[in-house]
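Structure, as structure tokens:
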2 protein chains.
Amino acid sequence: MKNQALILLDTVERLGNLLRVGLRQAGVAQSLQPIHLQALLYLNEANRYSNTPQALAEYLGLTKGTVSQSLLLLARRRLIARHADEKDGRVVRLALTDKGKEVLKELGLINVWRDALQAASPARLSSATKVLKEALATLQARNGHRTFGVCVTCRHNLHIGPRSYVCGLTKEKLSSREVSKICREHSPVEENAV
Amino acid sequence: MKNQALILLDTVERLGNLLRVGLRQAGVAQSLQPIHLQALLYLNEANRYSNTPQALAEYLGLTKGTVSQSLLLLARRRLIARHADEKDGRVVRLALTDKGKEVLKELGLINVWRDALQAASPARLSSATKVLKEALATLQARNGHRTFGVCVTCRHNLHIGPRSYVCGLTKEKLSSREVSKICREHSPVEENAV
DNA sequence: CTATCAAGTATCGACACGATACGTTTCGTG
DNA sequence: CACGAAACGTATCGTGTCGATACTTGATAG
């Protein structure tokens with residue numbers, strides 16, 4: 001009898017492979033590699049502190065040199081726009097162009113899972129998500145990776161009023177739309193006292 | 001409020017990426033790519049009907065030409081052995097060498113998850129596994145992929161006595177060790193009547 | 001002003017990956 | 001048996017990822 005955790009590992013690994021293969025096939029039409037689509041997906045969700053090459057490299061777990069090449073390709077295709085930061089001349093700000101957003105829409109990733117998970121009850125979905133999120137957080141912590149969560153779950157986030165937020169780290173106000181994006185500086189709230 | 005299934009998709013995708021990055025780092029010592037390690041892992045679990053280049057290609061979702069190249073590299077390194085099938089001159093049989101098994105041992109993949117999942121109760125683990133396995137099966141079915149399960153869960157498998165099995169497809173006897181390996185011809189038992 | 005560090009780019013080599021073409025073997029049909 | 005189709009595998013080529021290394025530029029500390 002194999003360890004239950006090992007079976008879960010195996011299942012996640014195979015699902016991950018399948019998703020990757022699916023991404024590859026989805027990108028064939030645009031002749032884009034999986035990594036390109038992942039970059040576009042990330043930029044679509046990244047907040048203003050996290051739309052840089054360095055942040056993307058950390059998110060994907062790759063080196064900045066590698067990511068730089070992929071970004072050059074995306075820029076050549078006019079799927080992303082690059083412009084220098086106003087404050088710091090070293091950093092490059094990345095943003096999806098309309099064409100880039102269009103590509104994401106055509107992917108239709110939502111459909112991929114809708115049928116695959118329709119048999120499962122919401123309670124089971126939520127339970128499974130919780131287990132995997134814990135595993136994800138643990139692995140990230142051990143490998144020194146950032147968590148890249150949304151502001152809502154971040155301990156720096158201060159809810160100062162209705163639809164009014166402030167990031168305790170940058171002292172800047174954030175819109176209610178902004179706090180549902182993912183951030184490089186994300187630090188999960190402690191949950192020891194459950 | 002985002003769809004719960006989408007959050008699970010995102011989590012699985014990120015876990016998959018993390019595992020892939022982990023595989024890459026684990027392979028640095030042997031200067032092996034993730035795909036090479038996945039091939040070794042597969043061959044370690046494949047039964048006698050499934051230890052061929054074609055089966056590996058289907059398992060990984062890649063083309064046979066691509067897989068052929070990776071196998072050439074593994075053979076050059078003496079991590080796998082290749083010899084022609086006795087019956088069918090077209091097929092090549094693959095097997096891990098002692099050196100290949102050694103590499104897998106040194107990876108120590110078990111440790112990766114032990115701490116990551118130690119917080120979760122067995123019941124939650126089992127529930128999460130069930131949800132993901134369903135998703136995996138659905139995705140595989142829709143994309144025409146094989147399931148690559150173990151014989152124990154296969155409808156072709158006949159339990160004819162204590163520790164005595166027969167595959168209904170090939171009419172061959174299988175040892176009790178063999179039925180816990182994964183098979184290219186695997187077809188899950190119907191579970192409509194749960 | 002200078003040393004140091006960080007963000008990003010450029011370049012190189014190894015190799016994954018798909019596409020295509022090819023050779024070999026098996027199998028079916030007349 | 002002969003012929004053609006199909007299956008398994010290999011060879012080759014082009015694109016592009018990926019890490020490593022070296023570099024350019026800008027920010028910062030002393």
Side-chain angles (χ1 to χ4, degrees), chain A residues 17 20-40 49-77 79-94 146 184-185, chain B residues 17 20-40 49-77 79-94 146 184-185:
Chain A
N17 280 341
R20 188 179 180 79
V21 170
L23 260 195
R24 183 176 296 279
Q25 292 175 344
V28 165
Q30 318 274 350
S31 56
L32 291 173
Q33 305 275 330
I35 194 70
H36 300 146
L37 298 178
Q38 289 184 322
L40 294 180
Y49 307 131
S50 315
N51 55 354
T52 69
Q54 180 68 37
L56 177 58
E58 290 169 359
Y59 180 80
L60 297 174
L62 304 176
T63 62
K64 56 181 182 173
T66 295
V67 169
S68 181
Q69 297 312 302
S70 297
L71 290 175
L72 282 180
L73 184 147
L74 290 176
R76 276 201 304 268
R77 298 276 195 85
L79 299 178
I80 63 173
R82 304 147 56 94
H83 38 76
D85 186 276
E86 298 178 352
K87 307 270 180 60
D88 190 331
R90 295 172 301 181
V91 328
V92 172
R93 295 292 166 184
L94 305 169
R146 298 175 187 269
R184 182 188 179 191
E185 305 293 346
Chain B
N17 279 340
R20 189 179 179 78
V21 170
L23 261 195
R24 183 176 295 280
Q25 292 175 344
V28 165
Q30 319 273 350
S31 56
L32 290 173
Q33 306 276 331
I35 194 69
H36 301 145
L37 298 178
Q38 289 183 324
L40 295 180
Y49 307 132
S50 314
N51 55 353
T52 70
Q54 180 68 35
L56 177 58
E58 290 168 1
Y59 181 80
L60 296 174
L62 304 175
T63 63
K64 56 181 182 172
T66 295
V67 169
S68 181
Q69 296 311 303
S70 297
L71 290 175
L72 281 179
L73 184 147
L74 290 176
R76 276 200 304 270
R77 298 277 195 84
L79 299 178
I80 62 173
R82 307 147 53 92
H83 38 76
D85 185 276
E86 298 177 353
K87 306 269 181 61
D88 191 331
R90 295 173 300 182
V91 328
V92 171
R93 295 292 166 184
L94 306 169
R146 298 173 187 270
R184 183 188 178 190
E185 305 292 347

Value in whole Å for how far the C1' atom of dC17(C) lies from CG of N17(A): 14 Å
Exercise: identify the closest heavy-atom pair between L23(B) and P34(B): CD1-O, 4.0 Å
By ring pair (Phe, Tyr, Trp, His ring centres under 6.0 Å) - contacts of Y49(B) (at least two apart): none
Electrostatic pair D85(B)-K87(B), nearest N-O below 4.0 angstrom: no
Whole angstrom value for the distance that separates C1' of dC27(C) from NZ of K87(B): 17 Å
Pairwise side-chain contact, L72(B) with R82(B), heavy-atom cut-off 4.5 Å (strictly under): yes
Rounded distance in Å - CZ (R20(A)) to C1' (dC18(D)): 11 Å
Within-4.5 Å side-chain heavy-atom neighbours: L32(B) and L74(B): yes
Strand contacts (DNA chain D) in residues 22-36 of chain B, 4.0 angstrom heavy-atom criterion: R24(B)
Rounded distance in Å - CG (N51(A)) to P (dA7(C)): 14 Å
Restricting both atoms to N or O, compile the protein contacts to nucleotides 7-11 of chain D shorter than 3.5 Å, with distance only.
{"unit_1": "dG9(D)", "atom_1": "OP1", "unit_2": "V92(B)", "atom_2": "N", "d": "3.0"}
{"unit_1": "dG9(D)", "atom_1": "OP1", "unit_2": "V92(B)", "atom_2": "O", "d": "3.4"}
{"unit_1": "dG9(D)", "atom_1": "OP2", "unit_2": "Q54(B)", "atom_2": "N", "d": "2.8"}
{"unit_1": "dG9(D)", "atom_1": "N7", "unit_2": "K64(B)", "atom_2": "NZ", "d": "2.9"}
{"unit_1": "dG9(D)", "atom_1": "O6", "unit_2": "K64(B)", "atom_2": "NZ", "d": "3.3"}
{"unit_1": "dT10(D)", "atom_1": "OP1", "unit_2": "R82(B)", "atom_2": "NH2", "d": "2.0"}
{"unit_1": "dT10(D)", "atom_1": "OP2", "unit_2": "S68(B)", "atom_2": "OG", "d": "3.0"}

Spacing between Q38(A) atom CD and dG16(D) atom C1', to the nearest angstrom: 15 Å
Donor-acceptor contact below 3.5 Å, side chain R77(B) vs main chain Q30(B): yes
Q38(B) and N17(A), any side-chain heavy atoms less than 4.5 Å apart: yes
Between C1' of dA19(C) and CG of L62(B), the distance in whole Å: 14 Å
Closest-nucleotide ordering on DNA chain D, the 5'-leading residue of S70(A) and E86(A): S70(A)
N-O pairing of R146(B) and E185(B) below 4.0 Å: yes
